[in-house]
Each structure stands twice: as C-alpha cells, then as structure tokens.
**Q** 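Starting off with a structure, shown below.
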Amino acid sequence: MGLGRQLGLGICFIEQRLLVEGITVGVAGLLFLGRFTTPSLVGLITILALAVVLLSRLWRLSGRLSVRRVEEPGSEAEKRQLELALLCSVYLGIQMTGATASFLYPILYILLCAVGGFDASSKNRLLVVVVAVVFEVLLVMAAGSAAMVSVAVHIAAIVGFPFLFQSLESVWTASERKRREAQVDK
C-alpha cells in the first residue's frame, strides 16, 4: 500500500472518529477562556466551520437513507457526533449573545429534548448531558458573575429535559401499544 493511500486512510479515520470529539474539547477550551463573550468575526467563522462539519455529517447520513435501510439510518457514533456538533454550535452562540443571560437558551433545551426523544442510545444521551453540564459550568466560570440559583436551574433543566422527554415518549408508546392490543383482542 502506498504512502498516499495510508495517509488518506489515516485522514479519513481521524475525520470520521476523532474530528467532532476534538472540536468539542476545543470549544470547551474556548468557553473556559471566554473568547466569544461578544459577537466577533472569529466567533462567526467558528460557528460556520461547525455548520460545515454538521452539513457534511448530515450529507453522509442522508446518502444512506433509502427504503432498504430505513431501520438503520446511522450508527451510534454518527448520531453522537451530530449531537455534539450541534451542542458546540449552540453553546458558542449562547456565549456570543450574553452567556447566562442569552436569549438562545430555549434552543439548547429543544436540542436536549430532541436528543432525549430521538436517540435510542442511553450512552449517547448521557454523554451529551455530561458535555452540556461541563459547557454550562465553563460558560459560568468565563462570565464570572452568575447567581448560583440560576446556574442550578440551568443545570437541572439540562439534566432533566432529555430524560423527561424520553420517559414521556416511552409512556406514550406503551399506552399506544396497549390501545392497539385492546383493539386486536376485540
């Protein structure tokens, strides 16, 4: 195997398995340093770069959606990477628009509800919640002044939303299953 092919395979491996996780660590560092406390060109470029990563992941995932592969639209790693990239984008936006007083917090909660409702992997849900809590703590540390009650409410919402939505969905699914079984029994 030639050197070019090995290099290409190595780059492909890094892009598929380590890029988003590396970006997540980088965003954590940027949140800690408070680099995007005000809207700036660098922050906008960073968010656009994350959007490119998201679009490439979605493009790859949508290429496999067909009638024959309906049951398996993507692997756990792909879903986790999409969720982490979205989380990074949302937190950078939150820091750029006022940190703990940002108007973008509802987008974070919607994202966490989507993770809780649509990702069947408990491991992915837990990882996204842990990363979101770490991002929240880093965001508060960078902002410097935040009421502990406000921080506690944010962290409780971050932890609660995915699991609340998942439990609501499982209760609804169970009730629908019982309703269908009752119809079949008639």
Side-chain angles (χ1 to χ4, degrees), residues 17-58 61 74-170:
R17 291 182 179 83
L18 301 175
L19 180 68
V20 174
E21 287 79 0
I23 289 172
T24 304
V25 171
V27 167
L30 292 173
L31 287 173
F32 176 71
L33 295 174
R35 295 289 184 201
F36 300 124
T37 54
T38 59
S40 65
L41 182 62
V42 176
L44 185 61
I45 290 171
T46 305
I47 289 177
L48 288 175
L50 279 167
V52 168
V53 170
L54 276 169
L55 288 174
S56 71
R57 296 280 191 237
L58 287 172
L61 190 62
S75 69
E76 278 190 37
E78 286 175 319
K79 291 175 188 174
R80 181 185 66 244
Q81 289 176 348
L82 283 171
E83 293 160 359
L84 288 175
L86 279 168
L87 190 66
C88 289
S89 299
V90 169
Y91 263 102
L92 285 176
I94 286 172
Q95 189 174 43
M96 285 176 48
T97 57
T100 56
S102 176
F103 61 90
L104 293 179
Y105 267 104
I107 295 174
L108 172 66
Y109 300 141
I110 291 169
L111 171 65
L112 291 170
C113 283
V115 167
F118 299 120
D119 193 350
S121 169
S122 296
K123 184 173 68 171
N124 282 356
R125 273 195 305 268
L126 187 61
L127 178 69
V128 168
V129 166
V130 168
V131 170
V133 168
V134 168
F135 280 180
E136 186 68 27
V137 169
L138 292 174
L139 188 72
V140 169
M141 287 173 57
S145 62
M148 290 310 289
V149 173
S150 173
V151 173
V153 168
H154 282 255
I155 290 176
I158 287 169
V159 171
F161 271 115
F163 299 106
L164 174 71
F165 197 78
Q166 188 262 336
S167 64
L168 288 174
E169 183 184 25
S170 64

**Q** Pair up each side-chain donor or acceptor in residues 128-141 with any protein partner under 3.5 Å, not counting sequence neighbours, and list the distances.
**A**
{"from": "E136", "atom 1": "OE1", "to": "Y91", "atom 2": "OH", "distance (Å)": "2.8"}
{"from": "E136", "atom 1": "OE1", "to": "Y105", "atom 2": "OH", "distance (Å)": "3.1"}
{"from": "E136", "atom 1": "OE2", "to": "Y105", "atom 2": "OH", "distance (Å)": "2.9"}

**Q** Between CD of E83 and CG of L112, what distance do you get to the nearest 0.5 Å?
**A**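 CG of L112 is found 9.5 Å from CD of E83.
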**Q** side-chain hydrogen bond (donor to acceptor under 3.5 Å, both in side chains): which pairs involve residues 154-165, sequence neighbours left out?
**A**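 Passing the test, one end in residues 154-165: Y109-H154.
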**Q** Which atom names give the shortest non-hydrogen contact between P162 and A157, and what distance separates them?
**A**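 Closest pair (atom of P162, atom of A157, distance): CD-O, 4.5 Å.
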**Q** Using side-chain contact (heavy atoms from CB on, under 4.5 Å) as the criterion, list what pairs up with L111, not counting sequence neighbours.
**A**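 Partners of L111 under the side-chain contact (heavy atoms from CB on, under 4.5 Å) test: L86, L87, V90, V115.
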**Q** Is any side-chain heavy atom of I107 closer than 4.5 Å to a side-chain heavy atom of I94?
**A**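 No. Closest side-chain heavy atoms not under 4.5 Å.
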**Q** For S122, which residues count as a side chain to side chain donor-acceptor pair (under 3.5 Å) partner, sequence neighbours excluded?
**A**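 Result, side chain to side chain donor-acceptor pair (under 3.5 Å) vs S122: R125.
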**Q** Under the side chain to side chain donor-acceptor pair (under 3.5 Å) test, which residues partner T97, sequence neighbours left out?
**A**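 For T97, the residues satisfying side chain to side chain donor-acceptor pair (under 3.5 Å) (neighbours in sequence not counted) are S102.
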